[in-house]
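Read the structure below first, then the notes.
Remember, it's 1-based here, ligands and their atoms both numbered in the order they're listed. Both backbone and side-chain heavy atoms feed into the values below; hydrogens, waters and symmetry mates do not.
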Amino acid sequence: MILVTGVSGALGRLVLQGLSARDGTEVVAGTRRGDGTTARRVDFDDPGSLPTGFAGVDVLVMISAGYAEDDVVLARHGAVADAAAAAGVRQVIYTSLAGSGGCTTLALPHRWTEARLAAGPFATTVLRNGLYAELLGALSAGAAEEAAGTGVFSAAFGTGRMSVVARQDLADVTVRVAAEADAALASGGPGWHAGRTYELEGVTALGGEEVAGLLGERYGRPVAYRPLSLSDARAALAGQGLADYQVAHTLSLLSNTGAGFLRARRSDLAELLDGAPRPVDDLVVSAAHNA
Ligand SMILES: NC(=O)c1ccc[n+]([C@@H]2O[C@H](COP(=O)([O-])OP(=O)(O)OC[C@H]3O[C@@H](n4cnc5c(N)ncnc54)[C@H](OP(=O)(O)O)[C@@H]3O)[C@@H](O)[C@H]2O)c1
């Protein structure tokens, strides 16, 4: 049996949908607000919820719960590793962060979690997810709104680009890996994909010039890219009501884009998808207008 955590979130919901649509795959949902009827209660901040949440689970799809300060995320993910071991989970599939993001502040809790899971008694599979196209759209949202009026898209991407991927592609890979692992365990063998780390980097890289071009197509008029400094970006973020850790992560993403680090050199995505990765342009533009 497979359990997917975080099914109220965008990625967890897609993974649950994909697994539920497969004949012969037994899947249960986990979420902080589960009532034990349609979904189990699985709250990483409440370790007491995890023994019941993980009971009878062979394959745990652990959706990272990264929206908090690092100490909170480490405590959450450590509690999951302990509870999965105690419950006899046989394989944990963890949604991590792609290698290109290794110098961002986001990487620390992910790499810590990878190491913590690797020390557990279960098999692990690490899905190092690329940055969502929807995330690049969200990072561009305020500037896109301004560009609609001024024809100038001001953002702190420097001259770098970010490799981005459709969240649905990441969900599709997760579904495949989880279903194959579960089927292999059910037939008495070791879980497929055990001990593997997959780099699910996007295969399209977009920067300020490209986003400005896409916005121009949407608005039916030219939009020019004007690079902002990181200190201007920091000042703009200060007024947006974000938590301090969100400001730090956002600036880190911008700074890593400018440095050229977020442009991926290789990806396992196409190999694990049934077809080519989905196009990302429309996802970026619509997320920039719906963030
Ligand atoms: N690759 C990227 O570009 C990127 C971008 C943003 C975030 N991420 C990471 O990927 C994860 C999934 O992304 P998403 O788009 O689905 O995010 P999302 O829609 O904002 O969902 C947040 C997720 O965090 C879970 N969560 C929060 N606190 C939790 C807790 N105490 N215990 C268990 N689960 C908890 C939620 O589960 P519930 O169902 O319990 O609410 C939900 O699955 C995020 O949590 C974050 O770590 C990746």
Side-chain angles (χ1 to χ4, degrees), residues 3-18 28-35 38-50 53-54 60-81 83-84 92-102 104-114 126-140 162-171 173-174 198-202 204 206 242-243 245-246 249-250 252-254 256-257 262 264 267 269 280 283-284 287 290-291:
L3 175 91
V4 183
T5 72
V7 299
S8 310
L11 181 64
R13 180 169 50 246
L14 293 174
V15 173
L16 179 68
Q17 278 168 2
V28 291
T31 179
R32 280 171 291 180
R33 283 171 289 279
D35 62 2
T38 53
R40 294 185 181 188
R41 181 160 174 270
V42 174
D43 182 349
F44 301 169
D45 288 327
D46 176 9
S49 71
L50 302 181
F54 293 169
L60 173 66
V61 177
M62 176 183 173
I63 305 285
S64 65
Y67 291 108
E69 295 285 0
D70 286 352
D71 55 349
V72 174
V73 180
L74 267 49
R76 284 177 178 168
H77 290 183
V80 174
V92 178
I93 296 169
Y94 173 63
T95 62
S96 187
L97 175 71
S100 65
T104 67
T105 52
L106 295 165
L108 185 149
H110 284 296
R111 298 296 177 261
W112 182 91
T113 304
E114 290 177 11
V126 177
L127 302 179
R128 285 189 167 179
N129 286 349
L131 296 171
Y132 304 152
E134 294 85 346
L135 173 71
L136 176 58
L139 289 174
S140 306
M162 184 187 285
S163 295
V164 291
V165 54
R167 200 193 260 110
Q168 182 70 61
D169 279 347
L170 298 171
V173 171
T174 310
Y198 295 115
E199 294 288 350
L200 304 176
E201 303 267 17
T204 306
L206 303 174
L242 298 172
Y245 76 87
Q246 290 176 304
H249 288 331
T250 303
S252 175
L253 284 169
L254 294 171
N256 273 265
T257 307
L262 295 185
S267 177
L269 188 64
V280 293
L283 293 172
V284 172
N290 296 313

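- The two residues A107 and G101 have their closest heavy-atom pair at CB-O, 3.5 Å.
- Protein residues with a heavy atom closer than 4.0 Å to ligand 1 are G6, V7, S8, G9, A10, L11, T31, R32, R33, V42, D43, F44, D45, I63, S64, A65, G66, Y67, R76, G130, L131, Y132, L135, R167, listed by chain and number.
- S267 is linked by a side-chain contact (heavy atoms from CB on, under 4.5 Å) to E201, V203, L269, counting only residues two or more places apart in sequence or in another chain.
- Taking the six-membered ring for Trp and thresholds of 30 and 60 degrees, H110 and Y94 have ring planes inclined between 30 and 60 degrees apart.
- Between the T95 side chain and the S64 main chain, a donor and an acceptor come within less than 3.5 Å of each other.
- With sequence neighbours excluded, the residues that form a ring-ring contact (aromatic ring centres under 6.0 Å, His included) with Y198 are H193.
- With sequence neighbours excluded, the residues that form a side-chain contact (heavy atoms from CB on, under 4.5 Å) with D71 are E69.
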